[in-house]
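Below is one structure, written out as structure tokens, with a few remarks after it.
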2 protein chains.
Amino acid sequence: MTTRTPDTGDMLCFALYSASHAMTRLYRPLLAPLGLTYPQYLVLVSLWAQDGRSVRELGEELALESNTLTPLLKRMEESGLITRARSSEDERVVQVSLTEKGSALRSEAEKVTACVFEASGLSLDELGRLRNEVRALRDRIAALV
Amino acid sequence: MTTRTPDTGDMLCFALYSASHAMTRLYRPLLAPLGLTYPQYLVLVSLWAQDGRSVRELGEELALESNTLTPLLKRMEESGLITRARSSEDERVVQVSLTEKGSALRSEAEKVTACVFEASGLSLDELGRLRNEVRALRDRIAALV
DNA sequence: GAAATATAAATCGCGCACGATCAAATCGCA
DNA sequence: TGCGATTTGATCGTGCGCGATTTATATTTC
């Protein structure tokens with residue numbers, strides 16, 4: 001009948017917002033012993049898949065701008081996880097590379113992954129399906145912005 | 001065969017993280033003309049549903065602590081959207097109430113809602129189903145933390 | 001009814017996000 | 001070849017999120 005203003009419980013955007021924060025809260029105590037924040041963990045995941053990427057490439061993968069990444073990467077350099085170096089071919093580009101320490105965290109991170117999967121309470125199939133739906137929505141929205 | 005470290009594309013947590021940020025980016029230009037950020041919009045949505053809530057109640061609804069809400073609410077008070085007043089019954093409690101201006105934004109917000117629904121590219125049914133799945137996941141995770 | 005405990009909000013410090021802007025390097029092309 | 005346009009990353013300011021702590025008020029317990 002009457003269209004009422006949606007409550008937060010009705011809003012998909014709030015479901016995503018609060019679920020994302022819940023995930024970060026779940027990760028925090030698991031990553032803290034490794035000296036990592038969640039966004040820093042994402043950078044490592046990206047570099048484990050492909051080392052030596054530029055700031056721009058990392059930004060494309062993670063949907064973050066240099067104004068976010070530059071200070072974040074400096075902190076990661078400070079804690080000895082990565083190195084940052086200007087490319088000799090193109091002096092504009094900064095290559096980000098894993099250190100020994102950054103590479104070594106990979107095996108620790110697999111335990112974290114397992115722990116988070118457990119916490120989700122989903123089967124691999126369910127998780128994959130939900131992830132694909134959320135990703136599809138994200139891509140549809142991102143294409144507009 | 002071998003279990004490889006998941007890439008960001010495989011991770012449900014990253015799907016949620018990036019989808020949530022994409023949503024915020026979608027909302028930003030729609031809310032900016034109203035002088036609102038996305039979290040401030042969420043506070044208004046909560047208050048439109050039930051005015052005069054305490055900081056604690058808002059925090060429960062939005063899953064935010066007073067260290068986030070207090071400064072946020074002060075900014076909203078500053079911009080004339082809400083009032084903050086100590087309860088006379090319990091001096092610890094701060095009641096948050098909509099001003100005329102805060103109430104008036106409700107009709108504007110419905111246009112924003114429609115615009116975001118459009119951008120999602122989902123049917124009402126699909127949206128509802130996805131929202132319920134994301135919410136269920138969030139609640140399962142939040143129960144552990 | 002005084003001391004111990006619990007609860008509500010505020011404060012502080014740090015790490016994201018991001019709009020706006022800037023400096024430097026490279027590219028394009030007349 | 002030279003000069004404007006583009007690309008890359010950095011810088012700055014503001015607004016969240018949140019762990020840790022503090023202050024003030026209320027409740028419990030003895």
Side-chain angles (χ1 to χ4, degrees), chain A residues 14 17-33 35-43 53-60 62-79 81-82 84-96 142 145, chain B residues 14 17-33 35-43 53-60 62-79 81-82 84-96 142 145:
Chain A
F14 179 68
Y17 168 88
S18 52
S20 175
H21 284 308
M23 272 289 184
T24 305
R25 280 174 214 131
L26 174 62
Y27 268 105
R28 194 184 314 280
L30 304 174
L31 293 176
L36 290 174
T37 65
Y38 180 67
Q40 290 174 12
Y41 169 68
L42 291 178
V43 167
R53 291 206 238 204
S54 68
V55 174
R56 183 187 61 75
E57 286 167 328
L58 283 174
E60 275 172 12
L62 302 176
L64 295 172
E65 308 284 331
S66 68
N67 48 13
T68 298
L69 278 176
T70 296
L72 189 156
L73 294 172
K74 281 184 179 176
R75 283 187 287 273
M76 292 182 73
E77 188 179 35
E78 192 70 23
S79 45
L81 299 167
I82 58 164
R84 295 159 62 249
R86 291 272 168 189
S87 161
S88 53
E89 288 179 17
D90 187 339
E91 289 281 344
R92 290 173 302 183
V93 175
V94 169
Q95 307 275 357
V96 182
V145 185
Chain B
F14 179 67
Y17 168 88
S18 52
S20 176
H21 284 310
M23 272 289 183
T24 305
R25 281 174 213 131
L26 174 63
Y27 268 107
R28 184 170 287 111
L30 304 173
L31 293 176
L36 290 175
T37 65
Y38 180 67
Q40 289 174 13
Y41 169 67
L42 290 178
V43 167
R53 291 206 238 203
S54 67
V55 173
R56 184 185 63 75
E57 287 167 328
L58 283 174
E60 275 172 12
L62 303 176
L64 295 172
E65 308 284 332
S66 68
N67 48 12
T68 299
L69 279 175
T70 296
L72 190 156
L73 294 171
K74 280 184 178 176
R75 283 187 288 271
M76 292 182 74
E77 187 179 36
E78 192 71 21
S79 45
L81 298 167
I82 58 164
R84 295 158 61 250
R86 291 273 168 190
S87 161
S88 53
E89 288 178 16
D90 187 337
E91 288 283 341
R92 292 173 301 183
V93 174
V94 169
Q95 308 275 356
V96 182
V145 185

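So you know, we letter chains A, B, ... as the sequences are listed, proteins then strands, and number each from 1.
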Which part of the nucleic acid does A/E65 contact within heavy-atom distance under 4.0 Å: base, sugar-phosphate only, or nothing?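 It contacts nothing in the nucleic acid.
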
Which is true for B/S54 with a 4.0 Å heavy-atom rule: it touches a base, it touches only sugar-phosphate, or it touches nothing?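 Here B/S54 touches the backbone only, sparing every base.
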
Could I get the full list of salt bridge (Lys or Arg N to Asp or Glu O under 4.0 Å) partners for B/E77, not counting sequence neighbours?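 Scan of B/E77 (salt bridge (Lys or Arg N to Asp or Glu O under 4.0 Å), adjacent residues dropped) gives B/R84.
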
Sequence neighbours excluded, which residues qualify as salt bridge (Lys or Arg N to Asp or Glu O under 4.0 Å) partners of A/R28?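 Applying salt bridge (Lys or Arg N to Asp or Glu O under 4.0 Å) to A/R28 gives none.
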
List the residues meeting side chain to side chain donor-acceptor pair (under 3.5 Å) with [X], not counting sequence neighbours, and say none if there are none.
X	result
B/E60	B/R56
A/S54	A/E57
A/R92	A/D90
A/S20	none

Expressed as a whole number of angstroms, how long is the span from [X]:[atom1] to [N]:[atom2]?
X	N	atom1	atom2	value
A/R92	C/dA25	CZ	P	10 Å
B/L36	C/dG19	CG	P	17 Å
B/L69	C/dA9	CG	P	9 Å
B/L31	C/dG19	CG	C1'	15 Å

Could you list the residues that satisfy side chain to side chain contact (heavy atoms under 4.5 Å, CB included) with A/L72, not counting sequence neighbours?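 Per chain and number, A/L72 pairs via side chain to side chain contact (heavy atoms under 4.5 Å, CB included) with A/P39, A/Q40, A/V43, A/R75, A/M76.
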
Any B/R25 side-chain N or O less than 4.0 Å from OP1/OP2 of C/dA17: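 So the side chain of B/R25 is outside the cut-off, no N or O lying under 4.0 Å from OP1 or OP2 of C/dA17.
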
Is there a side-chain polar atom (N or O) of B/R28 under 4.0 Å from OP1 or OP2 of C/dG19?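 Answer is yes, contact under 4.0 Å.
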
Quick one: how far along DNA chain D does chain B reach, first to last nucleotide 5' to 3', anything under 4.0 Å to a heavy atom?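 Boundary nucleotides touching chain B, in 5' to 3' order, are D/dG15 to D/dA26.
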
Classify the ring geometry of A/Y38 against B/Y17: parallel below 30°, tilted from 30° to 60°, perpendicular beyond 60°.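 Perpendicular, since the angle between the ring planes exceeds 60°.
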
Using a 4.0 Å heavy-atom cut-off to protein, can you give one letter per nucleotide of nucleotides 11-16 of chain C, 5' to 3': B if the base is in contact, S if only the sugar-phosphate is, - if neither? BB--SS

Would you kindly compare B/E89 and B/A63 by the position of their nearest DNA chain D nucleotide and give the one closer to the 5′ end?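 So the residue in question is B/A63.
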
Between B/R53 and B/L58, is there a donor-acceptor pair closer than 3.5 Å when you use the side chain of the first and the backbone of the second?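 Here the side-chain-to-backbone pair does not exist.
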
